[in-house]
There are 2 protein chains.
Amino acid sequence: MNIKEVADQAGLPAKTIRYYEDIGLVRARRGANGYRQFDATDLHKLAFLARARALGFSIEDCRALLALYEDKGRASADVKQIAEQHITQIEEKLAQLQSMHDTLTELARACPGNNRPDCPILSDLSHLGMDEKKGSTKDPI
Amino acid sequence: MNIKEVADQAGLPAKTIRYYEDIGLVRARRGANGYRQFDATDLHKLAFLARARALGFSIEDCRALLALYEDKGRASADVKQIAEQHITQIEEKLAQLQSMHDTLTELARACPGNNRPDCPILSDLSHLGMDEKKGSTKDPI
DNA sequence: ATAGGGGTTCCAGTCACGGGAAGGTCAAGG
DNA sequence: CCTTGACCTTCCCGTGACTGGAACCCCTAT
């Protein structure tokens, strides 16, 4: 299989697969013409990666998961630990977003949205954000 | 005020303020020694930016919001529209994360987390992800 | 005079790719 | 045989919103 076929079947752009090879996440044999050659095993790994990435695992998580995936004697506890860490991260992110959402929704609700310049949203934003600690703007959405 | 003082009061790293100047989001006068000089108005703008960024508005959103903030005759509807677009984005992100969370939680629940190699998480990941459309791995967490 | 804690610029790196250029390869059709 | 068009290759640049670090200047206090 050439890259496009495996890409389509795994559900990843070809560019991404080349990138994954670049960073050592996958390897690919080369044909006589220099083209990458993939087989069913490669396809499985790439599909694995596609699914893991879609579930929000970082590349480094994926690297660890792939290693466990290939280690037939791994303990399921190891996998579960990675998953649970990731779940915790997702929960933190959810809480953050939910809080943003609530604040913004309340501000938008209070805003008449008319032609006059009085705007509760701008009023809120213009308050000094003393309650936000330095660096709190990191990693927004 | 020099940059560190305004940075501490606005709740932003000094580096970020220099960056904001770089991209034309704010401007700063310079003293005879070449140091940036900030006054209360600058502080307000920076605090405004800190708060808006903390609420997840993009830099470009912030640029628009700042322009409206400085335009005393703006219509509140304009601000509201930006906020509502942003709320919609947040809602999409929330839904995505929630879906990831549910899936992972279910997989983790089904995983015994013991020393044996059977792991529902890896089993799930190793299925061909045909249901995920190409590019679905974009913008994870 | 010196030590420290500011300040300045510029360059590089982050993360996970995506876009696009320049050029090689392959199968099918005229 | 030649061309067309789809594919493949590598390489480099750009993204967003910063962050870290180097190399250097300035100001105040001891």
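Each chain gets a letter, A, B and so on, in the order its sequence line appears, and its residues count up from 1.
The side chain of A/Tyr20 sits closest to C/dC17 out of C/dA16, C/dG18, C/dC17. When the nucleotides C/dG18, D/dG20, C/dA16 are ranked by their closest atom to the side chain of B/Lys15, D/dG20 comes out on top. Across C/dT9, D/dT19, C/dG18, the shortest atom-to-atom separation from the side chain of A/Thr16 is found for C/dG18.
Going from atom CG of A/Leu49 over to atom C1' of C/dA16 covers 13 Å, rounded to whole Å. Per the geometry, CZ belonging to A/Arg29 stands 15 Å off P belonging to D/dC8, to the nearest Å. One interatomic measurement links the two molecules: CD of B/Glu60 to C1' of D/dT15, which rounds to 12 Å at whole-angstrom precision. Counting to the nearest Å, the P atom of C/dT14 and the OH atom of A/Tyr19 are 10 Å from each other. If you take CG of B/Asp22 and C1' of C/dT9, they are 10 Å apart, rounded to a whole angstrom. Spacing between atom CG of A/Asp8 and atom P of D/dA6 amounts to 15 Å, rounded to whole angstrom units. The interatomic distance linking B/Ile23 (CD1) with C/dC10 (C1') rounds to 17 Å, in whole Å. Residue B/Glu5 contributes atom CD, which lies 14 Å from atom C1' of C/dG7 at whole-angstrom precision.
Checking the phosphate oxygens (OP1, OP2) of C/dG7, no side-chain nitrogen or oxygen of B/Arg36 falls inside 4.0 Å. Within the structure, every side-chain polar atom (N or O) of A/Asn33 is placed at least 4.0 Å from both OP1 and OP2 of C/dG24. Contact annotation: B/Arg30 side-chain N/O to D/dC26 OP1/OP2 distance is not under 4.0 Å. For C/dA16, the OP1/OP2 oxygens have no side-chain nitrogen or oxygen of A/Arg63 closer than 4.0 Å. Close to C/dC17, at under 4.0 Å from its OP1 or OP2, lies a side-chain N or O of A/Arg53.
Checked by atom type, the side-chain pair A/Ser76/B/Asn114 shows a donor-acceptor distance below 3.5 Å.
For B/Asp118, the CG atom sits in a packed shell: over 12 heavy atoms of surrounding residues, nucleotides or ligands are nearer than 6.0 Å.
At least one donor-acceptor pair under 3.5 Å links the side chain of A/Ser123 to the backbone N or O of A/Cys119. Side-chain atoms of B/His86 come within 3.5 Å of backbone atoms of B/Leu55 as a donor-acceptor pair (strictly under, hydrogens ignored). A donor-acceptor pair is defined here as one N or O able to donate and one able to accept, closer than 3.5 Å; no such pair exists between the side chain of A/His101 and the backbone of B/Ile90. A donor-acceptor pair under 3.5 Å is absent between the side-chain atoms of A/Asp124 and the main chain of A/Ile121, judged by distance alone.
Among the heavy atoms of the strands lying under 4.0 Å from B/Arg18 is at least one base atom, whether or not backbone atoms are also near.
A salt bridge does not link B/Arg27 to B/Glu21: none of the charged side-chain nitrogens sits closer than 4.0 Å to a carboxylate oxygen. Residues A/Asp8 and A/Lys4 are paired through a salt bridge, judged by an N-O separation under 4.0 Å between the basic side chain and the carboxylate.
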Short N/O separations, protein against nucleotides 3-6 of chain C, under 3.5 angstrom:
| unit_1 | atom_1 | unit_2 | atom_2 | d |
| --- | --- | --- | --- | --- |
| C/dG6 | N2 | B/Tyr35 | OH | 3.0 |

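In the helix from C/dA1-D/dT30 to C/dG30-D/dC1, the rotation axis of the first five pairs and that of the last five pairs differ in direction by 30°, rounded to 10 degrees.
The side-chain heavy atoms of A/Phe57 and A/Ile82, taken from C-beta on, include a pair separated by under 4.5 Å. A 4.5 Å side-chain heavy-atom check between B/Ile59 and B/Arg53 finds at least one atom pair inside the cut-off.
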